[in-house]
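First the proteins, then the strands, lettered A, B, ... as listed; each starts at 1.
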Amino acid sequence: MTRPLLETVDLKKHYGGTRKLLQRPKPLVKAVDGIDLQLAPGEVLGLVGESGCGKSTLARTLLGLERETEGTITFDGQDVGGRGASAAREIRSDIQYVHQDPGAALDPWWRIGDTLHETLKIHGVTDKAERDARIEEMLLAVGLNDSFRRRYPHELSGGQQRRVGLARTLSLRPRLVILDEPTSGLDLSVQATVLKLMLELRAQYDLTYLFISHDLSVVERLCDRVAIMYLGRIVEIGAAEQVFSKPAHPYTQALLASAPTLERQEAGKPIEGDPPSPTNRPEGCPFHPRCPMAEAACRQVVPDLADLAAAHRVACPPALRTLTPQ
Amino acid sequence: MSDAILSVRDLKLSVKGDAGLAQILDHVDFSIHPGEVLGLVGESGCGKSTLIRSIMGLPPKGARIESGSVTFKGQSLMDPKIAQGLRGREIGFIPQDPFQAFNPVFTVGDQILEILRWSGLPDDPKGGRYTKELRAKHRARLIEVLHAVQIPDPEEALTRFPHQFSGGQRQRILIAGALASRPSVILADEPTTALDVTTQMQILRLLRELAKDFNVAMLFVTHDFGVVAQICDRVTVMYAGQTVETGTTRQIIDAPRHPYTGMLMACHPERATEITGIPGQVSSPLTPPPGCRFAPRCPRATEACTTARPGLDRRADGRRIACIHEKEVA
Ligand SMILES: Nc1ncnc2c1ncn2[C@@H]1O[C@H](COP(=O)(O)OP(=O)(O)O)[C@@H](O)[C@H]1O
Ligand SMILES: Nc1ncnc2c1ncn2[C@@H]1O[C@H](COP(=O)(O)OP(=O)(O)O)[C@@H](O)[C@H]1O
Ligand SMILES: [Mg+2]
Ligand SMILES: [Mg+2]
C-alpha cells in the first residue's frame with residue numbers, strides 16, 4: 001500500500017467506568033475496543049455492523065469530536081491523536097462528516113444558501129465572494145440548481161436534503177469524508193441516484209471515503225474494501241469482492257444470509273439472538289454466544305485479525321483453520 | 001378463489017388543507033383473501049400509510065372519500081361505528097417504529113393491556129364492565145401470544161419498561177399485541193424498516209409462521225422487494241395514489257410488466273446492472289398530473305397517457321395492470 005491517508009493503531013474509545021465524587025458509577029462501555037485501520041488515498045472503505053456495534057463512535061473519534069481512550073491516529077503521516085475536541089478538529093480539518101439524517105442537521109428556519117454560508121464562515125472562509133463561488137460550484141456538483149439557495153429545508157425531498165448535506169460537507173474541501181449511513185431511510189430508487197452521485201464526486205474531487213452502513217448491498221456496490229465490525233472490534237476485513245464472495249467469519253456469513261434476496265424465501269436458520277450490547281460483553285470472542293462454530297477456546301480468548309489471503313484478514317481461529325490449506 | 005376478506009374498491013380520497021386539495025388516493029383497488037399475505041409496494045409519498053389509516057377507519061383530518069369502498073367481510077369500514085368495532089379486534093395493526101410506539105414511563109404489560117381493554121377480545125362478554133377477572137383473562141391471552149412470538153419469560157416481560165427491550169423484542173411484543181384478539185387481518189406498515197438486517201430476517205420468519213399458525217391475512221407495506229420475496233404471496237404496486245399492478249409475488253418479481261414496477265425492480269441491487277435509480281420524484285398530491293400519474297417519469301409515455309387514467313385491466317396471466325402500452329403478450 002502507498003502511504004495510508006488515515007491510519008489507526010489499537011484505537012479505543014471507552015465510556016463511563018469511572019467514579020466521580022458523590023456520583024453513582026457509570027457502567028464501563030467499550031464502544032470501540034482496539035481498531036487497526038488503514039485507508040489508502042482514493043479508496044472507499046465500507047464499515048458494516050449491527051446497530052450499537054460502535055460505528056458512529058469510531059466516526060466521532062476519528063473526526064476528533066471525542067477523545068480516544070487509547071491508541072494512535074495518523075493522518076497523512078502526521079500524528080493527529082491525543083487532543084481535545086477543538087484542537088483535534090483544527091488539525092483534522094481535512095476530515096469531514098456527512099450526517100445520517102442531513103434534514104435534521106439543517107436549520108429549519110434558514111434558507112439553504114444561508115446555512116451553506118454559515119458553515120463556511122464557521123470554518124474561517126471570510127471572503128463572501130469566495131463563499132458564493134464555492135456554494136455555486138458545490139450545488140451544481142450535487143445536481144441542484146442555484147434556486148435551491150433560496151429554499152427552506154422542508155421544501156426539499158429526502159434525496160435533495162442528502163444532496164445539500166453532501167454539498168455542505170464538500171464545500172469545506174475535505175480529503176477524507178466519513179459518511180455515516182448516508183442513504184438510510186431513502187427509497188431504493190432515490191438511494192441509487194445518491195450513491196451514483198457519491199461515486200462521481202469522489203472521482204471529481206479526489207476524495208477518500210469511509211462509508212458506514214448496515215446495508216450490505218449498498219456497501220457491495222460502492223466500496224473497494226469492507227470491514228465488518230462486531231462489539232467495537234473489526235472481525236473481518238478485505239477486498240469487497242473477496243469478503244462478499246468468500247465470507248470467512250461466521251458473523252459475516254450470518255449478515256450476508258440475513259439480507260433478503262429477491263430469488264427465494266430464505267429457509268435456513270436465521271442468526272439467533274439480538275445485536276449485542278457492549279455493557280455486558282461476553283468473555284473471549286464477542287460473537288461466541290451467537291456463533292454456530294464456537295468451541296471452548298472461543299469462550300476464553302479474544303481473537304485477533306490474522307491473514308487469510310492477500311488483503312483478506314479474519315479474527316476467527318476456527319475459520320482460519322478450516323479455510324487455510326495445511 | 002375464495003371470497004375476499006378485505007376489499008378496497010376504486011378508492012378515491014382527498015384531503016382539504018391549508019395548501020389546497022391533496023388528491024392522495026386515486027382509484028386504489030385490490031383485495032385480500034383469508035390467510036393471504038399481500039405486499040403493498042411503492043416509493044415514499046405514494047399514499048401507503050394514508051391507505052392503511054383509511055382501512056382502519058382513521059383517515060387523516062379533513063379527508064373526504066370521493067368514491068369507492070373499503071369492506072371487511074362485507075361490512076363497510078367507511079362507517080366509523082363499524083370500523084371502530086372491528087379495529088384492534090378483527091383488524092390488527094403493527095406500526096413501523098418499535099422505538100416510538102411505546103410510552104417510556106409505563107410497563108409494556110400495562111400499555112398493551114390498556115389497548116386490549118378498549119378494543120376488547122372477541123369472546124369478552126358484550127357490554128360488560130372492565131373487571132379484575134376480565135383483565136386477568138386478557139393478561140392470560142397476552143402471555144399465550146408472547147410465547148408464540150418467542151419472548152422468553154412473558155410473565156416477567158410484562159413488568160418491564162420499553163427501554164429494557166431491544167428493537168427486535170419490542171417489535172415482537174407489538175406483534176403479540178396485534179395477535180392477542182385473534183384478528184383475521186393484520187395491517188403492517190413497514191414493520192421491519194427500522195430494524196437491523198439480522199433482526200429483520202428473524203421478524204419476517206416469525207410473521208410468516210404466525211400468518212400460517214393463526215390463519216391471519218396480512219397487508220404488508222414495504223418498499224423492499226427483497227422483503228416481499230420473503231413473506232408475501234401476492235403484491236400490489238402503487239404509484240402516487242394509483243394502483244398500477246397486482247400479481248403473484250413471483251410474477252411481479254420475475255417479470256414486472258408495468259413500467260413503474262419494472263423500474264422499481266431495476267433499482268434493487270440484485271437486478272441493477274449499474275447504479276441508476278428512477279429520475280424525478282413522486283408528484284405532489286396537490287398537483288397530480290392528469291391521466292396516468294407515472295407518465296411524467298415514464299420512458300414509454302405518449303400523449304394518450306396524459307388524457308385518461310388507464311383502467312386496471314385483468315390480463316390473461318391473471319394479473320391486473322394499469323398501462324395502455326402493456327399490451328397482451330402470449
Ligand atoms: N456518549 C456515550 N456514553 C455512553 N455510551 C455511549 C455513548 N455513545 C455511544 N455509547 C454506546 O456505545 C455503543 C456504540 O454506539 P454507536 O457508536 O452509536 O453504535 P452504531 O453507530 O454502530 O450503532 C452503544 O452501546 C452506545 O449505547
Ligand atoms: N393530512 C394530509 N394532508 C395533506 N397531504 C397529506 C396528508 N397526509 C399525507 N399527505 C400527503 O399524501 C402523500 C402520501 O403520504 P403517505 O400516505 O404518508 O405516503 P407513504 O406512506 O406511501 O410514504 C404525501 O405526498 C403526503 O405529503
Ligand atoms: Mg450509528
Ligand atoms: Mg408511510
Separation between CG (A:Leu255) and OG1 (B:Thr198), nearest 0.5 Å, reads 6.5 Å
Output for pair (A:Thr193 OG1, B:Gln281 CD), nearest 0.5 Å, gives 10.0 Å
In this structure, CG of A:Leu188 is separated from NE2 of B:His223 (nearest 0.5 Å) by 5.5 Å
Under 4.5 Å to a heavy atom of chain B? For A:Glu220 that would be neither
Bottom line for A:Leu199: the part with an atom under 4.5 Å from chain B's heavy atoms is side chain
Chain A shares the most heavy-atom pairs under 4.5 Å, among B:Gln230, B:Met265, B:Gln202, with B:Gln230
Of A:Ala192, A:Ala259, A:Pro260, A:Ser157, the largest count of non-hydrogen pairs under 4.5 angstrom with chain B goes to A:Pro260
Output for pair (A:Glu263 CD, B:Ile253 CD1), nearest 0.5 Å, gives 8.5 Å
Quiz prompt | No-hydrogen, no-angle side-chain donor-acceptor test under 3.5 Å, A:Thr261 and B:Glu270 | solution = yes
Heavy-atom neighbours of A:Glu155 CD exceed 12 at 6.0 Å
yes
Q.
Do A:Gln265 and B:Arg208 have side chains that approach each other closer than 4.5 Å (heavy atoms only, starting at C-beta)?
A. yes
From the list A:Ser51, A:Ser258, A:Cys53, side-chain contact (heavy atoms from CB on, under 4.5 Å) partner of B:Asp196 resolves to A:Ser51
